[in-house]
> 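Just dropping this structure here.
Everything numeric here is computed off the predicted structure, so don't read it as measured data. In the text below, chain A, chain B and the rest are named by the order of the sequence lines, each starting its count at 1.
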Amino acid sequence: MADRRSEPEMPQAKRLRTGDMDPASNPYLAHHYEDEGNGYGSRNGGRNGGSTQTGLSGFKRHQTTAAQADVAENGPLNPFNNNPLSPRYFDILKTRKDLPVHKQRQEFLNMFQQTQILVFVGETGSGKTTQIPQFVLFDDLPHFNGKLVACTQPRRVAAMSVAQRVANEMDVKLGEEVGYSIRFEDVTGPKTILKYMTDGMLLREAMHDHNLTRYSCIILDEAHERTLATDILMGLLKEVALRRPDLKIVIMSATLDAQKFQRYFNDAPLLAVPGRTHPVEIFYTPEPERDYVEAALRTVLQIHANEPEGDILLFLTGEEEIEDACRKITLEADEMTREADAGPLKVYPLYGTLPPHQQQKIFEPAPPPTRKGGPPGRKVVVGTNIAETSLTIDGIVYVVDPGFSKQKVYNPRIRVESLLVSPISKASAQQRAGRAGRTRPGKCFRLYTEAAFKKELIEQTHPEILRSNLANTVLELKKLGIDDLVHFDLMDPPAPETLMRALEELNYLACLDDDGDLTALGKLASEFPLDPALAVMLISSPEFYCSNEILSLTALLSVPQVFVRPASAKKRADEMKALFAHPDGDQLTMLNVYHAFKGADAQADSKKWCREHFLSLRALQSADNVRQQLKRIMEKSELDLISTDFNDKNYYTNIRRALVAGFFMQVAKKDSSGKTYKTVKDDQSVLLHPSTVLQVDSEWVLYNEFVLTTKNYVRTVTSIKPEWLLDIAPTYYDISTFKKGEIRTALERVNDKVKRKQQTKRPGR
DNA sequence: GAGCACTGC
């Protein structure tokens, strides 16, 4: 038997097609081949023919057994493509059969065959993400009907890496029988029968195919994480299940709260599989700690001094806290090494905004002893929640958990999302502790009392849908064909006030009419992977003769901050930023940055150029990527790309007016005091964020976001003229709806001025 | 005079 592939082959990522001629085609379904037949034979070019015997001959859909699958898996030919199986395949097969989930294959099949919706719970190490979809393939046989099995993941990296792993397990090339689909990258083809994808990607597909007709089975993995996309998909699948009795649905989750999923899906049957992890001993503090950071540092140093070999993971809440803690631990540990003969201690920070090469450092091995036979070295990783789910570090034996994390909260009353340091949930605490038992038995030190754990921590972190502004979600639901939002069955329905705010916002943006139905503009806006205000601004941009500029700006506003400001070089970074500054504000400054970045000088060596100018290359490249995607959607939607010459006297005014078309609800006016600003309608006192390039002589500003930290700030601001508000958003700026006060008076004055001008221009009217 | 936890389209 020849090993056809000694080298793992990396997929040639298929980029989304540009300039697609078919207006009905969905840019997210790049692999929706027109020649896709109903039978497998036509899909793989007839290579197998219709009559060729495969390892699956004799398999009857939804009537197979684990024993049958076992025989087919033993070869000699690959049951899905009739190719000879490689030695590597058989090596992996052995380890697969040892996974806990394998013992329950028949039990799984019995349930899968008997019911439409199944809840499957498995702890880490059970093998559920890689094995269950394969179990499904052997029984659901999607290729017999020209369908696919989808398995969703909350994160891109997971979708990519699991797909690669399963392709190896099935001895197929990634992108053929097994593939993945994430934003910007679709590695699937006409032969694909198992597709790993992000939950957001499946949601996008559902917006164009409300019944998800391409799939014969949908597996939602990591459902317990309760991302916005997962929650919406669950609600949708519940409805689709009624319309499509042939569709199978598997909800996979961690053990906690399994009954909630069962109840939600009309008492769906449950299958539980044990995980394979090592025991973790939990320690609590006898008394509550006053200062959790100080207690955390003390605990880390005590572990280093007293506990046997093994690495430490400490959970803190944010960048600054982490960098500060790293400095302090390093100082103290060096002293311990010098004076108390402790082993060397290497400390690594870990948080999301850290560049990838620095994130990778956490995988470096612990330092060796300073001298032969001396006490062993140790590694400490000080990280945010990113270490709780997204990144797994093997070799961690000790976890220090102060019990806090930064969480997004939404206040519908003032329409502001903000980040708040809050106590974690029991589920989170359990997940954190589990990080100590990946390779051998470990210990977890909780810096709170056992009583606090039992009585004060909530069971689960509130799902994202209860903590977000839902404008975007409501638009998505409408596009999914859900007309009656109030009766749409979500697992945790959001507060009516939050829903009302979202409907109101979409109505002002003219995405929904007064009956709450999607308008033409709303339909267009839902095509874009953007917040509604950004989408509306982009769609309106041709009217303001600046589509190309707004396209760039929209992309820039939907990626992480492009300006880099390291603590060690604040002054220099500010000087560099000043080079790009536009007197009318930050949005125009960002546009200047983008134009410079696309210029010849910068493109010659973009890495060097970005470093010199204190800009994030990653963010700019990502903006470039987003821009391309948005441009394709604009072209497909037949939106004109109109711009004036750069030297046109209205070039920047046009852009500022286009900004108003999307962000007229995010405007503030300077107070009579001249120091602070007041937001229109809400009457919130705000300050311009100190990072702004705008000089404080601007009477009216439009802002991109409201940040609640030590003070109320509006960040990323542009100066605008009040007459534009009356002109571009007359419904929202209907003066009679404003309460008496400075803002109303100011608007009235502007209105009078405009009227007078019109009269002098057109006498007699 | 500043603090962006983490994802996703």
> From C-beta outward on A:Met201, which listed nucleotide comes closest to its side chain: B:dT7, B:dA2, B:dC9?
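Selected nucleotide (nearest to the side chain): B:dC9.
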
> Whole angstrom is fine here: how far is it from CE in A:Met197 over to C1' in B:dC9?
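Interatomic distance, CE of A:Met197 to C1' of B:dC9: 11 Å.
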
> Nearest 0.5 angstrom please: A:Lys408 NZ to A:Arg467 CZ, how far?
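One finds 6.5 Å between NZ of A:Lys408 and CZ of A:Arg467.
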
> Is the number of heavy atoms from other residues, nucleotides or ligands under 6.0 Å of A:Lys577 NZ greater than 12?
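Correct, the count exceeds 12.
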
> Name the closest nucleotide to the A:Arg204 side chain, picking from B:dA5, B:dC4, B:dC9.
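Among B:dA5, B:dC4, B:dC9, the one nearest the side chain of A:Arg204 is B:dC9.
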
> Figure out the CG/P separation between A:Leu354 and B:dA5, and round it to whole Å.
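Nearest whole value for this atom pair: 11 Å.
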
> Provide, to the nearest angstrom, the distance between the CZ atom belonging to A:Arg432 and the P atom belonging to B:dA5.
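These atoms are roughly 14 Å apart.
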
> Going by salt bridge (charged side-chain N to carboxylate O under 4.0 Å, His left out), name the residues that satisfy it together with A:Lys479, two or more places apart in sequence or in a different chain.
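Checked A:Lys479 against salt bridge (charged side-chain N to carboxylate O under 4.0 Å, His left out); matches are A:Glu527.
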
> Look at A:Lys711 and B:dA2 and indicate whether a side-chain polar atom (N or O) is within less than 4.0 Å of OP1 or OP2.
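For B:dA2, OP1 or OP2 has a side-chain N or O of A:Lys711 closer than 4.0 Å.
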
> Taking atom NE2 as the centre, does A:His210 end up with more than 12 heavy-atom neighbours from other residues, nucleotides or ligands that are less than 6.0 angstrom away?
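Counting other residues, nucleotides and ligands, NE2 of A:His210 exceeds 12 neighbours.
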
> Provide, to the nearest angstrom, the distance between the CD atom belonging to A:Glu323 and the C1' atom belonging to B:dA2.
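A:Glu323 atom CD is separated from B:dA2 atom C1' by 17 Å.
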
> Could you list the residues that satisfy salt bridge (charged side-chain N to carboxylate O under 4.0 Å, His left out) with A:Arg327, not counting sequence neighbours?
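Partners of A:Arg327 by the salt bridge (charged side-chain N to carboxylate O under 4.0 Å, His left out) criterion, ordered by chain and then number, come out as A:Asp324.
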
> Considering every strand and a 4.0 Å limit on heavy-atom distances, what is the contact class for A:Ile182: base, sugar-phosphate, or nothing?
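Sugar-phosphate contact only - A:Ile182 comes under 4.0 Å of backbone atoms but never of a base.
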
> Between B:dC9, B:dA2, B:dT7, spot the one nearest the side chain of A:Pro690, thanks.
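Selected nucleotide: B:dA2.
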
> If you only use heavy atoms from C-beta on, which nucleotide in B:dA5, B:dC9, B:dA2 is closest to the side chain of A:Glu319?
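Shortest atom-to-atom distance from the side chain points to B:dA5.
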
> So if I take every side-chain heavy atom of A:Ser691 and compare against B:dC6, B:dC4, B:dA2, which nucleotide ends up nearest?
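Closest of the options to the side chain of A:Ser691: B:dA2.
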
> Once you apply a heavy-atom cut-off of 4.0 Å, does A:Ile386 come out as touching a base, just sugar-phosphate, or nothing?
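Here A:Ile386 touches the backbone only, sparing every base.
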
> Could a donor-acceptor pair under 3.5 angstrom be found where the side chain of A:Arg565 meets the base of B:dA2?
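Answer is yes: a donor-acceptor pair is held.
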
> Does A:Lys361 make a cation-pi contact with A:Tyr348 (under 6.0 Å, within 45 degrees of the axis)?
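Checked: cation-pi criterion not met.
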
> Applying a 4.0 Å non-hydrogen cut-off, can you work out what A:Thr227 is touching in the nucleic acid: base, sugar-phosphate, or nothing?
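Here A:Thr227 touches no strand at all.
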
> State whether A:Thr198 places a side-chain N or O below 4.0 Å from either non-bridging phosphate oxygen (OP1 or OP2) of B:dC9.
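The answer is yes; a side-chain N or O of A:Thr198 sits under 4.0 Å from OP1 or OP2.
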
> In whole Å, what is the span from the CZ atom of A:Arg618 to the C1' atom of B:dC4?
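About 13 Å, once rounded to whole Å.
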
> Write down the distance between CG (A:Asn385) and C1' (B:dC4), rounded to a whole number of angstrom.
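Distance, rounded to whole Å: 14 Å.
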
> Nearest to the A:Arg156 side chain among B:dC4, B:dA2, B:dC9, which nucleotide is it?
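Out of B:dC4, B:dA2, B:dC9, the nucleotide with an atom closest to A:Arg156's side chain is B:dC9.
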
> Using the side-chain heavy atoms of A:Tyr713, tell me which of these nucleotides is nearest: B:dC4, B:dC6, B:dG1.
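Selected nucleotide: B:dG1.
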
> Starting from P on B:dT7, measure out to NE2 on A:His462 and report it in whole angstrom.
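Rounded to the whole Å, the gap is 22 Å.
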
> Nearest whole angstrom, please: distance from the C1' of B:dG8 to the CG of A:Leu534.
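My rounded result for the distance is 15 Å.
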
> Which part of the nucleic acid, if any, lies within reach of A:Asp574 when heavy atoms closer than 4.0 Å are counted: base, sugar-phosphate only, or nothing?
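Here A:Asp574 touches the bases of the nucleic acid.
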
> Quick check on DNA chain B: between A:Tyr351 and A:Ser558, whose nearest nucleotide comes earlier from the 5' end?
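Mapping each residue to its closest nucleotide by heavy atoms, the 5'-most match is A:Tyr351.
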
> Check every atom of B:dG1, B:dT7, B:dC4 against the side chain of A:Arg155 and return the nucleotide holding the closest atom.
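The answer is B:dT7.
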
